[in-house]
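Read through the structure below, which is laid out as structure tokens, and then see the notes.
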Amino acid sequence: MHALILVDIQNDFMPDGALPVPGAYDVVPVANALIEKFDLVVATQDWHPANHKSFASNHPGRAPGDTIDLDGLDQILWPDHCVQNTHGAEFVPGLNVDAIDEVFRKGTDLRIDSYSGFFDNGHRRATGLAAFLKKQRVDRVVVAGVATDYCVKWTALDALREGFNVAVVLDGCRGVEMAAGDTERAVAAMRAAGARIVTSREIEA
Ligand code: VGL
Ligand code: ZN
């Protein structure tokens, strides 16, 4: 069984959102085309409480882009984004949400961030995604969404760790590129860990 994992295709990650990812609207038609090729489609949704510790606004004197120690982990501080039950946290209009079989929300624990759709950044708690996929007898996952250099990357790396065969659809992903070259480095890291880097045309129904 093959599954499509759509990572964080949410308003706040679009170019006009709170944590803009350049070109991110372009992943929507690619995601919709991919959806047609899969029997099982899951999506992750960044879903933070307003007082989440990954928000610079919750650390007086800090600015987005700063790095702090959060509970023993390096944490980049972000603009407020994907706050639960806000427009910014909703899936992008135009994404075929009716085709999504299950949504896995992450980043809900205010003390730890969660880039991967599988685990928080400290691998302390699972979201249930791995168990769900294994129960459906999934052996191969195809990943697309945003951001290539954060949530796509960590989702793909955790999928490999969980023993899935992983392909990342490059034209279905965009990076936030906080530092120039981050997206390219993320792609290299995913490839080095064993992910196949493909284009959407290579994905067969
Ligand atoms: C993401 C930064 C903070 C992502 C989520 O979806 O890549 N990046 N939260
Ligand atoms: Zn987030």
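Below, each value reflects all heavy atoms present in this structure, side chains not excepted, and no hydrogens, waters or symmetry copies. Numbering of ligands and ligand atoms starts at 1, following listing order.
- The nearest N, O or S atom of D8 is not closer to the Zn ion (ligand 2) than 2.8 Å.
- At least one N/O-N/O distance between H81 and ligand 1 falls below 3.5 Å.
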Check your understanding: Checking side chain to side chain donor-acceptor pair (under 3.5 Å) for the pair D8/Y150: CA distance, chi angles, key distance, verdict?
Key -> CA-CA 10 Å; D8 296 6; Y150 287 93; over 6 Å; no

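- No hydrogens or angles considered: nothing links the side chains of H52 and D80 as a donor-acceptor pair under 3.5 Å.
- A side chain to side chain contact (heavy atoms under 4.5 Å, CB included) with R174 holds for exactly one of V27, V152, V30; it is V27.
- Looking at V146 against ligand 1, only its backbone comes within 4.0 Å, counting heavy atoms.
- When only non-hydrogen protein atoms are considered, atom 5 (C) of ligand 1 lies nearest to D46 OD2, 3.1 Å.
- Crowding of E202 atom CD: a count of heavy atoms from other residues, nucleotides or ligands under 6.0 Å exceeding 12.
- Looking only at protein heavy atoms, the nearest one to atom 8 (N) of ligand 1 is Y150 CB, 3.8 Å.
- Vertex the Zn ion (ligand 2), arms ending at NE2 of H81 and NE2 of H48: the angle is 90° after rounding to 10 degrees.
- Among heteroatoms of the N, O or S kind in D46, OD2 lies nearest the Zn ion (ligand 2).
- Considering backbone and side-chain atoms alike, A147 places an N or O below 3.5 Å from some N or O of ligand 1.
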Point to revise | Intermediate values then yes/no, side chain to side chain donor-acceptor pair (under 3.5 Å), T199 and D171 | key: CA-CA 6 Å; T199 64; D171 53 317; 5.0 Å; no

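- Below 30°, between 30° and 60°, or above 60°: for W78 and H81 the angle between ring planes is above 60°, a perpendicular geometry.
- Near D8, the atoms of ligand 1 lying under 4.0 angstrom from a non-hydrogen atom of the residue are 4 (C), 6 (O).
- Taking CG of D139 as the reference point, atom NE2 of H2 lies at 5.0 Å (rounded to 0.5 Å).
- Residue contact check: C151 has heavy atoms under 4.0 Å from atoms 1 (C), 4 (C), 5 (C), 6 (O), 7 (O) of ligand 1.
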